[in-house]
Amino acid sequence: MEVRTTTLRARHALLGAGWETDVKVGIEADGHISSIESGNGTGDHLVDILLPAPTNLHSHGFQRALAGLTERRGPRASESFWTWRQSMYRFLEFLGPEDIEAITAFAQMQMAEAGFAAVAEFHYLHHQPDGTVYANPGEMSERVTAASASTGIGLTLLPVLYQYGGFDLRDLAEGQRRFGNDLVQFERLFEEAGSAVKHLPADAGLGVAAHSLRAVDATGLRVAADIASGAPLHMHLAEQTAEVDASIMHTGLRPAEWLLDNADVDANWCLVHCTHLLSEETRRLALTGAVVGLCPETEANLGDGIFEISPLLQEEGHFGIGTDSNIRISLAGELRALEYSQRLKDRSRSVIGDPDRSTGRVLFDSALSGGSQAAGRNSGEIAVGRLADLLALDGTVPDLSYRSGDALLDGFIFCGDDRMVSDVWSAGRHIVRNGQHVRHDELTGSYLSCMGRLLGEL
C-alpha cells in the first residue's frame with residue numbers, strides 16, 4: 001500500500017510529553033512522522049482523538065480459524081490446554097498454504113480494525129501435513145508476508161525453532177511434524193523468511209523465536225540467540241504448571257530459573273505468558289530489560305492461569321500484549337482482561353494504575369512501549385522520527401464524549417470496544433477508515449471461502 005505525504009489534525013492527541021489539543025501531525029512518504037505542530041489549521045484528515053497505535057507482540061495467525069470451535073467438553077475427566085492442543089493439531093491436518101494466507105490476512109485485518117498497527121507473528125507452521133518440507137522451504141513464511149502485504153499491517157516475522165516433543169528430548173508427536181526442524185534446516189528456513197520479508201515495506205522486520213524450553217534444547221537456544229544477533233528473540237515460558245513440573249524433573253530447575261541461569265537474556269528478548277513464575281523470578285526477569293508478553297484473552301480461554309504483575313511493576317519491568325490464539329481480537333479487550341484478572345486475583349482495584357496516570361493510561365503506555373520493543377519497531381510514540389503507527393478514536397460515542405486526557409483511554413479500555421476505532425495508520429499506510437479496513441470485504445470473502453471448505457471437511 002502506498003504512503004503519501006499527509007497531514008492529520010486532531011482535536012486531542014497523546015504525544016510523548018502528554019495530552020495536547022488541536023495538534024497537526026505530518027507524515028512523510030517514508031512512513032515516518034515529520035512534524036508536530038500545535039494550533040488550529042488545515043489538514044488532510046481531521047480526527048477526534050489521535051493515539052500512538054500499539055504493536056500486537058504475539059500472534060499465531062492461523063489459529064484464528066479455530067476460534068469458537070473447541071468449546072465443547074469431551075468425554076475426558078477434564079479439559080485443559082493440553083486437550084485443546086490436541087484439537088489444534090487435528091485441525092492443522094486440513095490447512096494448506098492458501099488457507100494460511102487467507103486466515104492470517106483475516107486475522108491481521110481484525111487486528112487493524114481493533115487498533116493494532118503492527119504484529120509480531122510467532123510463526124511455527126512450516127511444513128506439509130506429513131512433516132515433509134515444501135519444495136520452497138519458505139512457502140509458509142511467504143504466505144504470512146503475503147497476508148501482511150494485503151492488509152498493510154506492520155510485520156515482524158519470527159520463524160520458530162521447534163526441535164523436540166518435551167523436556168526429555170522425545171521425538172515430535174504426529175501433530176507436531178509440521179513444526180519441526182533440525183538446526184541446519186532452521187538456518188535455511190530463517191534465510192528464506194528473510195527473503196520473504198524483503199518484499200515488504202521497509203518497516204517490516206525479522207526476528208527469531210525458540211518455541212519453548214520443552215521444544216528446544218540448550219544448543220538450539222544458543223543457535224537461535226546467535227541467529228537473532230540483536231534482533232527480537234521470543235519464546236513461550238512457564239505457561240503451564242505441567243511445563244514447570246517437567247522442567248524441574250528433567251533439569252532440576254524451574255523454567256525461568258533455568259533460562260536466566262543459562263542464557264544472556266536482555267532487552268531483545270520477549271518471554272510470552274510467564275504465567276507460573278514465582279515473585280523472585282519475575283523480579284529477576286524484570287531486571288534483564290526483557291519484555292513479558294501477556295495475552296489475557298487466550299490465557300483465560302485456555303485456562304492457563306493469571307500472571308502476577310505486581311513484582312514486575314515494582315521493578316519497573318516491561319510488558320506488552322498479544323492476541324496469541326486470536327480467539328477474540330480486541331485491543332481494548334486484552335487490556336481490560338489484564339487489569340480485571342489482577343483485580344480478581346488480588347480483590348482490589350486499579351492494580352496497574354499509578355498516582356500520576358490512570359489505569360487505562362498505564363495499560364496503554366505499557367502496551368505501546370513493550371510492543372514496539374518486542375517487535376524491534378521504531379514506533380510507540382507520536383514523535384518526530386518515529387513510524388506513523390497511529391490510531392484514531394471516534395470522540396462522538398457516548399463513553400468518550402465530554403472527556404479529556406486519561407479519561408479518554410479509560411473510556412476506551414473499560415467501557416468500549418473496537419467500534420470506537422475510526423482510523424488506523426501503519427507506518428503511514430491508512431489501512432482502516434471509518435472503522436473498517438480498506439480491503440474488509442475482499443479479505444472477509446477469502447476467509448469465508450476458506451472456512452466453508454475447511455468446516456465441510458472436519
State whether a side-chain donor-acceptor pair under 3.5 Å links [X] with [Y].
| X | Y | answer |
| --- | --- | --- |
| Asp304 | Thr275 | no |
| Glu79 | Thr83 | yes |
| Ser59 | Glu121 | yes |
| Asn301 | Glu71 | yes |
| Ser325 | Thr298 | yes |
| His12 | Asp48 | no |

Without swapping roles, check the side chain of [X] against the backbone of [Y] for a donor-acceptor pair under 3.5 Å.
| X | Y | answer |
| --- | --- | --- |
| Arg386 | Ser379 | yes |
| Gln373 | Ser369 | no |
| Thr288 | Leu285 | yes |
| Asn326 | Ile329 | no |
| Ser150 | Ala105 | no |
| His126 | Val160 | yes |
| His127 | Tyr134 | no |
| Asn268 | Ala231 | no |
| Gln163 | Asp217 | yes |
| Ser426 | Ala117 | yes |

Heavy-atom side-chain proximity of [X] to [Y] below 4.5 angstrom:
| X | Y | result |
| --- | --- | --- |
| Leu335 | Phe364 | yes |
| Phe186 | Leu189 | yes |
| Phe319 | Leu312 | yes |
| Leu14 | Leu51 | yes |
| Met420 | Leu400 | yes |
| Thr6 | His45 | yes |
| Ile352 | Ile309 | yes |
| Ile431 | Trp425 | no |

Of the non-hydrogen atoms in [X] and [Y], which two are nearest, and what is the gap between them?
| X | Y | answer |
| --- | --- | --- |
| Gly380 | Leu368 | O-CB, 3.7 Å |
| Phe122 | Ala210 | CZ-O, 4.1 Å |
| Gly416 | Ala332 | O-CB, 4.3 Å |
| Gly180 | Leu172 | CA-CD1, 3.3 Å |
| Phe94 | Leu454 | O-CD2, 3.4 Å |
| Val144 | Leu157 | CG1-CD1, 3.9 Å |

Under the side-chain contact (heavy atoms from CB on, under 4.5 Å) test against Pro255, which residue among Leu260, Leu271, Leu237 passes?
Leu237
By the definition side-chain contact (heavy atoms from CB on, under 4.5 Å), identify the one residue from Leu158, Val216, Leu213 that meets it with Met235.
Leu213
Would you sort out whether Leu233 and Val265 count as a side-chain contact (heavy atoms from CB on, under 4.5 Å), showing the intermediate values?
CA-CA 9 Å; Leu233 177 57; Val265 178; over 6 Å; no
For the [atom1] atom of [X] and the [atom2] atom of [Y], what is their distance to the nearest 0.5 Å?
| X | Y | atom1 | atom2 | result |
| --- | --- | --- | --- | --- |
| Ser330 | Met111 | OG | CE | 12.0 Å |
| Glu297 | Leu338 | CD | CG | 10.5 Å |
| Leu331 | Gln110 | CG | CD | 13.5 Å |
| Glu281 | Cys274 | CD | SG | 9.5 Å |
| Leu155 | Arg377 | CG | CZ | 9.0 Å |

Apply salt bridge (charged side-chain N to carboxylate O under 4.0 Å, His left out) to the pair Arg9 and Asp44, showing each step before the final yes or no.
CA-CA 8 Å; Arg9 187 160 66 90; Asp44 300 307; over 6 Å; no
Can you classify the ring geometry of Phe179 versus Tyr162 as parallel (below 30°), tilted (30 to 60°) or perpendicular (above 60°)?
tilted
Would one find more than 12 heavy atoms of other residues, nucleotides or ligands at under 6.0 Å from atom CG of Asn434?
no
Is Glu174 atom CD crowded by more than 12 heavy atoms from other residues, nucleotides or ligands, each under 6.0 Å away?
no
Ion pair present between [X] and [Y], side-chain N to carboxylate O less than 4.0 angstrom?
| X | Y | value |
| --- | --- | --- |
| Arg177 | Asp171 | no |
| Arg214 | Glu243 | yes |
| Arg419 | Asp394 | no |
| Arg453 | Asp99 | yes |
| Arg439 | Glu442 | yes |
| Asp365 | Arg361 | yes |

Let's go through Leu95 and Ile103 carefully: what are the C-alpha distance in whole Å and the side-chain angles of both, what is the deciding distance for side-chain contact (heavy atoms from CB on, under 4.5 Å) to 0.1 Å, and is it a yes or a no?
CA-CA 10 Å; Leu95 296 182; Ile103 296 165; 3.9 Å; yes
Candidate pair Arg429 and Asp203, rule salt bridge (charged side-chain N to carboxylate O under 4.0 Å, His left out), full reasoning:
CA-CA 11 Å; Arg429 298 179 291 273; Asp203 61 284; 2.8 Å; yes
Proximity of His273 and His276 rings by center, below 6.0 Å
no
Does the ring centre of His211 sit less than 6.0 Å away from the ring centre of Tyr124?
yes
Between Phe62 and Met88, is the side-chain contact (heavy atoms from CB on, under 4.5 Å) condition met? List the steps.
CA-CA 10 Å; Phe62 73 89; Met88 186 263 288; 4.1 Å; yes
Would you please test Val432 and Asp423 for side-chain contact (heavy atoms from CB on, under 4.5 Å) and show each step?
CA-CA 5 Å; Val432 174; Asp423 297 82; 5.5 Å; no
Looking at His60, His236, Gln63, which one forms a side-chain hydrogen bond (donor to acceptor under 3.5 Å, both in side chains) with Asp324?
His60
Checking Arg343 against Phe414: charged group under 6.0 Å from the ring centre and within 45 degrees of the axis?
yes
